Every structure is written in C-alpha cells, then in structure tokens.
Amino acid sequence: MAKGVNKVILIGNVGKDPDVRYMPNGNAVANVTLATSESWKDKNSGETQERTEWHRVVFFRRLAEIVGEYVKKGSKIYVEGRLQTRKWQDQSGQDRYTTEIVADEMQMLDSRGGSSASFDSGRPSSASRPSNDAAAPVSAPMPDDGFDDDIPF
C-alpha cells in the first residue's frame, strides 16, 4: 500500500520568461512562476470576483532546457510534478523555506502553430502512458538541436 501521494497538476500562464541556470555538473535548472486563476460571482454584490494564485515551478535537465527555449512570459502550460519544500539561509543567516513544484512533465498549450507539444523528464510514469482518447493532444518527441522552427505543426 502506498504511504502517501504527492502529485500536483497545474494549468496556468507563465508570469515572466524562465530563468535558466546550470549546475556545476552541467545539468540545467529552469525556474518559472505560474499563475492560476479562479473566478466566481459574489452573492451579495452580484459582481464577478477573481483570485490569482502564483506558483513556483522548477524544471531540471533536458526539460529545463526545453522550457528555457520554448516557454515565454504569457505562455499557457500544463505542468505535472510534486511539491517540495527547501530550507535555505538568507544573507543575515536566517533560515528560510520555499515550497515549489518540481515538474516531471510539461505541455505547451498555446504554441505558435496552434497545436500543443508534450515533454516529460524521461522518468517512467503512469501519467505518460498513451491515452485512448482521440481528442487528447499527441505527445511530440523530444526536439533535437536540428529542430526546424518553421514547420507549421
């Protein structure tokens, strides 16, 4: 029996261009802020209300490189991952904590050609198995360095 589940699924808009850095071992790390919004009608005033929640999302390795190359401010993306809290110290030595989503999969929902492309971290997952739903977007293979950006699909 499973001891617990740590799964996050978000669809939202990227708040600013990804920040891509490289670790000493050469692996890429990309950080983005993702906005998710909900709206409702206020019972008292009848006015539509909206609340936006901001999420920190971190991508590693090849997925981070793809995010850095193709995702821009305003992009709508689908992200699957897990919550993780990190402890760090600020300049004054105070302990600080940051909770973020460590992404395993990402799907661009509004690419230039009007289609979508899906990428994962390469780890096997039940969520990456093919779907029988004909309306579901088809996962694209990982692009290589010779990717032709002018292809309309």
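Keep in mind that this is a model prediction, so the values were computed, not measured.
Between the D17 side chain and the K73 main chain, a donor and an acceptor come within less than 3.5 Å of each other. A donor-acceptor contact shorter than 3.5 Å is absent between the side chain of N27 and the backbone of R61.
Scored by the side-chain contact (heavy atoms from CB on, under 4.5 Å) test, A30 finds V20, F59, A64, V67 as partners (sequence neighbours excluded). In this view, K16 and T33 satisfy the side-chain contact (heavy atoms from CB on, under 4.5 Å) rule, not counting sequence neighbours. Applying the side-chain hydrogen bond (donor to acceptor under 3.5 Å, both in side chains) test to E53 and every residue at least two apart in sequence or in another chain returns nothing. Partners of D19 under the salt bridge (Lys or Arg N to Asp or Glu O under 4.0 Å) rule, at least two apart in sequence or in another chain, are R21. Q91 pairs by the side-chain hydrogen bond (donor to acceptor under 3.5 Å, both in side chains) definition with nothing, not counting sequence neighbours. Scored by the salt bridge (Lys or Arg N to Asp or Glu O under 4.0 Å) test, D95 finds K87 as partners (sequence neighbours excluded). In this view, E50 satisfies the salt bridge (Lys or Arg N to Asp or Glu O under 4.0 Å) rule with no residue, not counting sequence neighbours. Contacts of D90 classified as side-chain contact (heavy atoms from CB on, under 4.5 Å), with partners at least two apart in sequence or in another chain: W88, S92, Q94, R96. Remark: V8 engages L10, L83, I101 in a side-chain contact (heavy atoms from CB on, under 4.5 Å) (not counting sequence neighbours).
With no hydrogens or angles considered, no side-chain donor-acceptor pair links S39 and T48 at under 3.5 Å.
Nearest heavy-atom pair, G74 versus N13, reported as atom, atom and distance to 0.1 Å: O-ND2, 3.2 Å.
By the 4.5 Å heavy-atom criterion applied to side chains, V71 and I77 are counted as neighbours. Counting heavy atoms from C-beta outward, T99 and R56 have side chains that stay 4.5 Å or more apart.
Sorted by first and then second residue, the salt bridge (charged side-chain N to carboxylate O under 4.0 Å, His left out) pairs with a member in residues 32-49 read E38-R51; sequence neighbours excluded.
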